[in-house]
Structures are given as C-alpha cells and as structure tokens.
Amino acid sequence: MPAATAGVVALDNLQALVIEPYRYRLARYLLLALPQGAPAREFLRELLPLVTHGGVDLKSSPPAWLCNVGLTFRGLRQLEPPAEIMTGTLDPQFEAGPNWEPLGDLPGSPSAPANWWEGQFKTGALHCLVQLHAKQPAALDEATAAISQLAARHGVVEQLPRKNPDHRGSQRLDGEALVSGPPQAPAQAPGRGRVHFGYIDGFSRPDVDWTGSPATGQTHYRNFLLGYSDPKMASAPDRGPAAEFFRDSSYMVLRWMYQDVAGFNRFLDESASKVAPLLPVEEGRELVAAKMMGRWRNGTPLVLSPDRPLDELSQVSNSFQYKEEDPHGHRCPFSAHIRVTNPRDQRLNPAIEEEGVPSVIRRGIPYGPEMEPHATEDDGVDRGILGLFLCANIRRQFYTLTHWVAENSFSPVFQGAKRPEDAIFGNRSHPATSHEFLIPQAAGDVRLTGLPDFVRTKGTAFFLLPSMSALRRLAGENPVSADGSSGDGGSNAAEV
Amino acid sequence: MTSALNMTMPIKQDAATLAKLEHIKKVFATHVQPQIDKALRESQIVHYARVLITPDNRWIQVITEFDGPKDVYTEWFRKNLPTVFETIFSVVEGVPPWEELNNEAAFYRTASKLNLSALGASTTWSKENAPEGEEDPGYFFAAYPDTTVEQILQKSAT
C-alpha cells in the first residue's frame with residue numbers, strides 16, 4: 001500500500017502536544033515499565049479516554065489536566081502488535097535507542113549514558129512515558145493518582161529516576177514554568193517561557209502547515225508526522241501496513257538536562273570586561289549572554305539589534321538570515337546556540353548541504369526552583385529543563401541538531417584544528433574540543449577561554465507518540481488486519 | 001571521530017551473477033571508480049575507501065574510514081552513489097531488491113547488518129554507554145582519530 005497522499009491532517013487524530021504548546025504551568029512525566037501482552041493493552045485501553053488529542057478544546061473549556069502518552073520501541077513490543085507492523089519497519093534509530101555519539105554525551109563525561117537516570121535504571125527499562133500537565137498542584141496530583149491507580153491495576157511499574165528527591169520531595173520528573181524574571185524580560189507572549197539561564201524561549205518554533213499546502217515560511221507536516229514519507233522528507237515506516245498503522249504518529253525524544261546556573265553566571269561575570277571593557281559590568285554580562293545565545297535574553301536577535309535588546313522586536317523576531325546580514329559573525333557568533341541549531345541560510349558543508357537545516361518541534365518545561373538572578377554560588381539543587389523534541393526522522397532531524405551542537409563542523413565558517421561546540425549546550429569533554437568561545441569583531445576577535453560545561457545530560461529516551469488511531473489499535477480496540485486496516489474485535493495478536 | 005565501515009557481503013553463486021561480477025571487475029576502473037572518486041572527494045568526510053572481491057568470488061567488501069556518525073555516512077552513500085550500490089547489491093546474496101533497499105531506514109539496517117566487527121575491543125566503545133543490544137565494533141587504530149578530512153584539507157591548503 002503506498003503512503004497516503006498528503007492532504008489535510010485530521011487534527012483530532014493527533015495527540016494535542018504535537019499541535020501546540022500547552023499553557024499549563026505544571027508538568028509531571030511518569031516513566032513506566034509495562035507488563036507483557038494483554039495487561040499492557042488493557043492499561044493502554046483504559047488510558048485512552050484520558051489522552052488529550054487535537055479535538056479537545058483547550059482554549060474555551062480547558063480541562064483541569066492534560067495527558068499524553070509515548071512508547072519506546074520496547075514498550076511497543078510489550079503490547080505485542082502484529083509482527084508485520086513492527087519488524088524492520090520503524091526508524092532504526094528509534095529501535096536502537098539513544099546513541100551517545102550524535103548526542104555528544106561522551107563516555108567518561110558526566111553526561112555519559114552510564115550516568116543517566118541517576119543510576120536508578122537503564123534506558124532500556126523504560127517502556128512508556130505518561131506526560132501530565134496541569135495549572136494547579138491539586139489537579140496534577142489528581143491526574144497522578146488516576147494514572148497510578150490504573151498502573152497498579154494492570155501490573156505497570158513506575159520507574160523513579162531520582163535517587164534523591166527533588167526540592168519538593170518528588171522522585172519523579174516534575175516541571176514547572178518559571179514565573180519571575182530578570183528586569184529586562186518583557187511580558188511573555190503565549191506559548192513562550194523562560195529557562196533557568198534567563199532567556200525567553202520559544203521564538204523559533206516551526207510554523208507547521210497541516211493542510212498539505214504550506215505557504216512560504218511554513219513547514220510541511222510530513223516533517224513531524226509518520227505515514228507521509230516522500231523523497232524530500234523520508235520517514236519510517238515509509239510504506240505498507242506499518243505506515244498506515246502509525247500514520248499521524250511522531251517520534252519524540254525526551255532529554256533531561258541539568259543546567260549549571262551558578263557556573264553560567266560566573267562565566268558571564270568573568271567574561272563581561274573581556275568582551276565589553278568600556279561598558280558597565282551589568283551591560284557587559286548581558287552582552288556576553290546574548291553572544292552565547294544569539295539573542296538578548298528577551299528574545300531580540302543579535303542580527304537585528306546587536307547593541308541592545310528591543311522589546312518591540314522581540315515579538316516578531318524570527319525574520320532574519322545570516323549569509324548577507326552577518327557573514328562574518330560580527331553580530332551573532334558562529335557558535336551561538338541559535339546559530340548552531342538553526343544556521344538558516346549560512347553555507348553548509350557539501351555532505352549535508354542537500355538535506356539542509358533540520359527542523360524539530362520543541363516542547364518541554366523547566367524543572368527545579370529558580371536561583372536568585374546573578375547568583376554565582378551553586379546551592380546544590382537540581383534544576384534544568386525537561387526537553388521534548390518531535391520529529392519524523394530521528395537521524396535527519398534530532399541527531400543532526402545534537403551533532404551540530406556537539407561538534408561545530410557543519411559549515412565552512414568553522415576553521416581550525418580544535419572543533420568548537422555550541423557555546424551553551426556543548427559537552428566539552430572530548431579531547432578534540434575547543435574550550436574557546438570565539439566572538440568575531442570588526443576591531444579584532446575576542447576569544448573567551450576556559451569555556452566550561454553549563455549543561456549535563458541526566459537522561460534520554462526515544463518514544464513514539466502514537467496517533468489516536470494507532471493508540472486504539474495498540475490497545476486492541478481496533479485490531480489490525482495484515483494490510484494494516486482496522487478490523488472488528490479480538491486482540492492484536494489474534495489478527496497476526 | 002574517525003570510524004570504520006567494513007561491509008562484507010556474500011556473493012550469489014549462480015552463473016548469471018558470476019558473469020555480472022566479472023563485468024563489474026572489468027568496468028570498475030572506467031565506469032564505477034570515477035563516480036566514487038568524485039562523490040567521496042566532494043563529501044569531505046571520507047578518509048579512505050576501497051572495494052574488494054575475494055579471489056574465490058565469494059565475498060565483496062566495501063571498506064572505508066569516515067568522519068561522524070555511521071547513520072549520516074550510510075545515508076550520504078545511498079543518496080550520492082545510488083547506482084554504485086545498486087550494482088553492488090545486485091550481486092549480493094540475501095538482501096532485498098534495490099527498490100526496497102533504496103530508502104534511508106532499509107539501507108541503514110542492511111549496511112549495519114553487513115558491517116563486520118573487527119577483532120579485538122574498541123577503545124571508544126563501552127557496553128555501559130552503548131544502546132542495549134549494540135555490539136563492540138572491535139579494535140580500530142587511527143593515528144589522528146579526532147582530525148577530520150575537512151580539517152586536513154584546510155591545513156594542506158594553507
């Protein structure tokens with residue numbers, strides 16, 4: 001069976017998280033191990049009515065809590081779907097699980113996979129992620145109780161990733177939007193949030209077209225949904241019953257990342273006078289922070305305003321390029337985070353030029369309490385971000401970006417024997433890594449040396465975020481015939 | 001980081017395949033080699049590459065050393081040398097037809113399956129950090145494992 005012709009996507013078949021970021025300030029990610037076979041399907045079947053899909057009205061009648069569900073490759077196998085759907089059909093990177101090399105999580109470094117999940121379990125022990133979002137703690141607890149009771153009834157075991165409880169006593173992954181902010185932060189636009197390093201986030205989300213006819217600047221949904229593979233954007237399954245089964249599903253990567261806010265602040269303090277000796281220290285540190293991100297902390301891009309943040313620009317600040325506007329990196333350094341993860345029209349190396357700059361849908365939420373602004377002494381509290389990245393091709397989209405972060409070697413603008421990394425998110429443990437942050441300037445380059453690691457990976461897992469129809473079939477509600485179409489009654493296994 | 005690919009593939013032993021194999025040997029230098037040479041030169045990620053056939057015509061090998069992750073490399077191979085790989089796989093036993101192989105996931109799976117581990121133990125691989133089920137790729141010596149082709153070319157041009 002050929003892949004479906006691209007047309008208008010039925011949004012109520014998608015888990016709502018794919019469509020838009022939630023405006024709920026609390027999140028809890030429950031990591032679960034499923035039993036084999038029927039009990040796992042029964043768990044999923046009872047979970048189904050709780051899953052928030054694109055047909056739920058989140059604007060005029062938002063539920064007290066939202067729920068989404070992802071499954072690892074091993075989790076899918078626990079559900080025992082038909083062999084034709086599973087064998088050699090899905091993205092091989094999804095099937096293999098996280099690989100340290102393209103992630104930049106070097107063995108021997110604090111970010112190494114051997115250290116993930118605080119040593120509580122191996123990534124392979126994860127089968128299912130249930131994401132809960134709520135506006136109030138009571139609603140989050142209510143949602144948690146509902147899922148926990150469901151899990152207990154069906155032999156589903158929760159994996160607790162924290163060896164030591166967090167600042168609220170939880171051993172789970174709990175996220176919370178940051179509410180206060182530095183004085184320069186403008187009023188936050190809907191869907192935008194602030195991260196622990198003080199930046200407003202969420203300016204460069206892809207504008208996804210769900211109709212199959214993207215306008216200029218929009219990204220086709222086949223970049224994020226399975227079942228619509230074509231030569232321009234290949235995804236797996238690319239054809240046949242498996243493509244039909246998993247159509248409208250997405251791959252989703254969870255990254256649990258600690259952020260060393262005190263270390264980041266110290267670096268800004270130490271670097272301010274080197275970058276801007278004539279500016280007051282406060283302005284100098286903000287300039288260094290902007291050079292490392294490529295945007296001022298309120299979101300204003302350096303390319304559009306290299307000398308100061310502008311509130312009026314920050315709301316429409318995704319319309320800029322690099323090739324003509326900043327070819328030498330005098331405004332935005334080449335290793336600034338937003339220039340690494342989205343080099344826009346900057347020239348790429350020959351081996352990757354054809355595929356171009358990848359795009360992922362980013363979701364996620366900060367975790368841990370805020371530090372005092374400018375604090376330089378670590379308080380020993382865990383804080384960072386629970387990052388979610390949605391895509392249709394893990395190698396081409398997610399891994400490409402993490403590899404670029406870990407090794408700035410994707411463009412001819414990077415020269416030299418030592419390879420630079422992303423100024424903020426790089427893991428600089430590799431012996432070939434440069435510990436310098438190059439800030440090109442017309443009057444003479446500035447090189448900030450002794451660049452430390454500001455971020456540490458604490459866990460990574462690959463999930464499939466199934467469409468609603470795929471979830472129903474995986475749960476055995478709509479069993480599948482050999483050609484992938486729905487049948488009527490019986491278990492999945494009986495249909496093989 | 002420099003990595004090795006040791007694709008080692010059994011050759012079908014029927015008369016038609018063996019005749020085709022002889023033809024490949026005959027035209028390799030004039031028709032296949034130039035395509036490989038051009039593509040690899042432009043890629044700037046391949047250090048060394050060669051194609052071998054054992055004297056008994058039972059195995060064909062594609063052996064290369066390259067920069068970066070294997071999945072990126074194999075996909076680059078598929079996209080940039082499709083006719084070369086279609087030709088090679090046409091004589092290989094036990095692989096799907098090219099129409100099925102010619103997509104990213106299938107090509108990567110097949111290339112990985114045919115990629116032999118070297119003897120010994122890798123100095124960069126460890127079970128505790130590898131995805132579950134992944135095998136040690138074996139010992140691989142590189143005098144400059146962290147210097148990329150691009151860096152070498154930049155240096156030699158100055």
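Chain letters run A, B, ... following the sequence lines, proteins first and then strands; every chain starts at 1.
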Check: Using a distance-only test with no angle check, is there a side-chain donor-acceptor pair under 3.5 angstrom linking B:Asn6 and B:Thr8?
Finding: no
Check: Using non-hydrogen atoms only, which part of B:Glu42 is less than 4.5 Å away from chain A: side chain, backbone, both, or neither?
Finding: backbone
Margin query: For a ring pair (Phe, Tyr, Trp, His ring centres under 6.0 Å) check, start with the C-alpha distance between B:Phe107 and B:Phe85, then their side-chain angles and the critical distance, and finish with the verdict.
Written below: CA-CA 10 Å; B:Phe107 191 84; B:Phe85 277 92; 5.4 Å; yes
Notebook entry, point to check: By a 4.5 Å heavy-atom criterion (distance strictly below it), what part of A:Tyr399 contacts chain B: side chain, backbone, both, or neither?
Noted result: side chain
Margin query: Centroid separation under 6.0 Å, is that true for the rings of A:Phe73 and A:Phe462?
Written below: no
Check: Given a strict heavy-atom distance threshold of 4.5 Å, which part of B:Asn103 is in contact with chain A: side chain, backbone, both, or neither?
Finding: side chain
Next item on the list: Please look at B:Ser112 and chain A and tell me whether the side chain, the backbone, both or neither of the residue comes under 4.5 angstrom of a heavy atom of that chain.
Entry: neither
Next item on the list: Compare every heavy atom of B:Thr74 with every heavy atom of B:Tyr108, then report the nearest pair and how far apart it is.
Entry: CD1-OG1, 3.4 Å
Margin query: Side chains of A:Asn427 and A:Ser109: any donor to acceptor distance under 3.5 Å?
Written below: yes
Next item on the list: Applying side chain to side chain donor-acceptor pair (under 3.5 Å), run through A:Thr433 and A:Glu421 and close with a yes or a no.
Entry: CA-CA 7 Å; A:Thr433 295; A:Glu421 296 190 341; 3.2 Å; yes
Next item on the list: Locate the shortest heavy-atom distance separating A:Phe463 from A:Cys128; write the atom from each residue and the value.
Entry: CE2-C, 4.0 Å
Next item on the list: Just give me the residue among A:Gln93, A:Arg419, A:Lys122 that pairs up with chain B most often, heavy atom to heavy atom, under 4.5 Å.
Entry: A:Gln93
Notebook entry, point to check: Under a 4.5 Å heavy-atom cutoff, which of B:Glu134, B:Glu75, B:Lys70 has the most pairs with chain A?
Noted result: B:Glu75
Checklist line | Pair A:Arg456-A:Ser111, side-chain donor/acceptor within less than 3.5 Å | finding: no
Item checked: chain B contact via A:Asn393 - which portion, at a heavy-atom distance below 4.5 Å -> side chain
Notebook entry, point to check: So, B:Glu128 and B:Ser126: side-chain donor and acceptor under 3.5 Å apart, yes or no?
Noted result: no
Check: Which residue out of B:Arg109, B:Glu132, B:Lys79, B:Gln154 racks up the most heavy-atom pairs below 4.5 Å with chain A?
Finding: B:Arg109
Notebook entry, point to check: Checking B:Val46 against chain A: side chain, backbone, both or neither under 4.5 Å from a heavy atom?
Noted result: neither
Margin query: Is A:Thr89 close to chain B through its backbone or its side chain, or both, or neither, when contacts mean heavy atoms under 4.5 Å?
Written below: backbone
Notebook entry, point to check: Who among B:Pro69, B:Ala130, B:Ala106, B:Pro145 has the most heavy-atom pairs with chain A under 4.5 Å?
Noted result: B:Pro69
Check: Highest number of heavy-atom pairs under 4.5 Å with chain B: which of A:Ser235, A:Pro102, A:Pro98, A:Ala234?
Finding: A:Pro98
Next item on the list: With side chain to side chain donor-acceptor pair (under 3.5 Å) as the test, would you mind laying out the steps for B:Gln44 and A:Asn349 before giving the verdict?
Entry: CA-CA 8 Å; B:Gln44 298 193 1; A:Asn349 283 341; 5.9 Å; no
Next item on the list: Pick one of side chain, backbone, both or neither for A:Ala236, based on which atoms fall under 4.5 Å of a heavy atom in chain B.
Entry: side chain
Notebook entry, point to check: Of the backbone (N, CA, C, O) and the side chain (C-beta and beyond), which part of A:Glu95 lies under 4.5 Å from a heavy atom of chain B, both, or neither?
Noted result: side chain
Notebook entry, point to check: Salt bridge or not for B:Glu100 and A:Arg239, using N-O below 4.0 Å?
Noted result: no
Notebook entry, point to check: Any idea which of A:Ala112, A:Gly88, A:Gly124 has the most non-hydrogen atom pairs under 4.5 angstrom with chain B?
Noted result: A:Gly88
Next item on the list: With a 4.5 angstrom heavy-atom cut-off, could you sort out which part of A:Pro237 is near chain B: side chain, backbone, both or neither?
Entry: neither
Note to self: Taking side chain as everything from C-beta outward and backbone as N, CA, C, O, which of these in B:Lys155 sits under 4.5 Å from a heavy atom of chain A? Side chain, backbone, both or neither.
What the structure shows: neither
Next item on the list: Side chain from CB out, backbone as N, CA, C, O: work out which of these in A:Pro107 comes under 4.5 Å of a heavy atom of chain B, or both, or neither.
Entry: both
